[in-house]
Amino acid sequence: SARARHEQATAHPAARSAAATRPELDDTVVIVPMYNEAAVIADVVRRLRRSFPHVVCVDDGSADDSAAAATGAGALVVRHPANLGQGAALQTGIEFALSNPETFRFFVTFDADGQHRVEDALALVARARVGTSDIVLGSRFLSHPGRVPFVRRLVLRAAVAFTRLTTGLALTDAHNGLRVLNRSAATVMKLRLTGMAHASEILEVIARERLTYSEQPIEVLYTDYSRAKGQSSVNALNIVFDLMANKVRVAR
């Protein structure tokens, strides 16, 4: 469970006192898994906090000052005592938010490396409020596909084809970390896989639980920092490997 995995949760006074520009988002929580992101996480949290009153960062066993930086910027921080992987961090964040006395209706997953835009997260939440989708998934291929590095674009297209074949979901982007879940979807989300495989596991939950879904155009910012953190085109091959490895695990 999340309580068994996380070490502690700490709240900075700014997490409650800072005035958000969008008070109507009080029913929404942003979950940010982070691992050694001290260089950028404070800026990511500050940008989120200009709109979202509730930001939860899950420090996945970082060896740097990520937790302190995120707390100082106004996030509530939940800590793993050891590195367990992004899937585990997301699951901890979801379970922590579900157990919070606040009754959150919408759960945003947002990457810590600065690749996602707050305006896109706001658009996804607005789409989720319409109420026709349990999950709204961000898609970089519905906005500016030409900005995606060529090799990575090929690998992601292959991941989309594989996902359609194995889950039946008609998606344009199978591995995008920016998404919004309503409370029903968050409650049934039980992620067991780590690494990149958790993204395909989320799609499998959508298919298995027959959750309704839609896609929203977003832009992914490919910076030198985000590429170094794992967005290089060569590293993108791990997506296909994890998809296939996950299917082998399930088959067993």
Side-chain angles (χ1 to χ4, degrees), residues 1-2 28-31 33 84-95 97-98 104-111 116 120-121 123-143 145 148 152-218 220 236-252:
S1 68
T28 302
V29 58
V30 182
I31 299 167
L84 301 176
Q86 192 175 40
L90 281 175
Q91 186 62 35
T92 291
I94 290 171
E95 291 182 10
L98 285 170
F104 295 122
R105 294 178 56 206
F106 302 105
F107 302 72
V108 182
T109 66
F110 197 95
D111 285 358
H116 292 151
D120 288 333
L124 264 68
V125 173
R127 180 78 172 268
R129 285 190 189 281
V130 175
T132 57
S133 301
D134 294 311
I135 299 183
V136 180
L137 304 162
S139 173
R140 75 201 89 186
F141 294 111
L142 292 177
S143 55
V148 182
R152 187 173 185 85
R153 188 160 67 247
L154 292 179
V155 172
L156 289 170
R157 293 294 193 193
V160 166
F162 188 86
T163 297
R164 290 191 180 191
L165 179 65
T166 56
T167 67
L169 301 182
L171 298 173
T172 63
D173 195 344
H175 276 258
N176 198 312
L178 181 55
R179 58 181 79 84
V180 177
L181 295 73
N182 66 15
R183 193 171 186 87
S184 296
T187 300
V188 300
M189 200 60 62
K190 306 295 181 184
L191 302 178
R192 303 297 179 212
L193 302 179
T194 60
M196 295 296 292
H198 77 274
S200 56
E201 188 178 17
I202 289 174
L203 302 181
E204 289 177 354
V205 172
I206 293 174
R208 184 179 66 248
E209 300 292 334
R210 302 193 177 198
L211 301 174
T212 56
Y213 66 94
S214 59
E215 289 188 296
Q216 177 76 20
I218 72 161
V220 172
L237 293 172
N238 290 330
I239 294 174
V240 172
F241 175 81
D242 281 334
L243 279 166
M244 297 179 69
N246 182 36
K247 284 302 175 185
V248 170
R249 292 189 194 99
V250 172
R252 289 177 181 173

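Residue numbers count from 1 along this sequence. All values below come from the heavy atoms of this structure, side chains included, with hydrogens, waters and symmetry mates left out.
- The heavy-atom pair separating Val29 from Ala97 by the smallest distance is CG1-CB, 3.9 Å.
- Across all their heavy atoms, Leu178 and Val108 have their closest contact at CD1-CG1, 4.1 Å.
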Apply side-chain contact (heavy atoms from CB on, under 4.5 Å) to residues Asn176 and Leu137 and explain how you reach the verdict. CA-CA 7 Å; Asn176 198 312; Leu137 304 162; over 6 Å; no
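- Ser133 contributes no side-chain N or O that, together with a main-chain N or O of Thr212, makes up a donor-acceptor pair within less than 3.5 Å.
- Glu215 and Ala170 get closest at one heavy-atom pair: OE1-O, 4.3 Å.
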Decide side-chain contact (heavy atoms from CB on, under 4.5 Å) for Arg208 and Val188; before the verdict, give the C-alpha distance in whole Å, the side-chain angles of both, and the deciding distance to 0.1 Å. CA-CA 10 Å; Arg208 184 179 66 248; Val188 300; over 6 Å; no
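- Considering every non-hydrogen atom in both Ile94 and Met189, the closest pair reads CD1-CG, 4.2 Å.
- When atom types are taken as modelled, the side chain of His116 and the backbone of Asp111 share a donor-acceptor pair closer than 3.5 angstrom.
- With Glu201 contributing its side chain and Arg192 its backbone, the two residues share a donor-acceptor pair below 3.5 Å.
- Minimum interatomic distance between Ala185 and Leu211 (heavy atoms only, all atoms of both residues): CB-CD1, 4.0 Å.
- Closest approach of His198 to Gly87, counting heavy atoms only: CB-CA, 3.5 Å.
- Under the 3.5 Å distance criterion, the side-chain polar atoms of Asp173 are matched with a main-chain donor or acceptor of Arg140.
- Separation of atoms CZ (Phe110) and CD1 (Ile31) is listed at 13.0 Å; rounding is to 0.5 Å.
- Using modelled atom types, no side-chain atom of Arg105 and backbone atom of Asn182 make a donor-acceptor pair closer than 3.5 Å.
- Note that the CG atom of Asp134 and the CZ atom of Arg210 stand 13.5 Å from one another [nearest 0.5 Å].
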Could you walk me through whether Arg179 and Ile202 pass the side-chain contact (heavy atoms from CB on, under 4.5 Å) test, one step at a time? CA-CA 11 Å; Arg179 58 181 79 84; Ile202 289 174; 3.5 Å; yes
Should Phe107 and Arg183 be marked as a side-chain contact (heavy atoms from CB on, under 4.5 Å) after you check the CA-CA gap, both sets of side-chain angles, and the distance that decides it? CA-CA 7 Å; Phe107 302 72; Arg183 193 171 186 87; 3.7 Å; yes
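- The distance from the OG atom of Ser214 to the CG atom of Leu124 is 8.0 Å, given to the nearest 0.5 Å.
- Considering CG of Leu181 and CD1 of Ile206, their distance stands at 7.5 Å, rounded to 0.5 Å.
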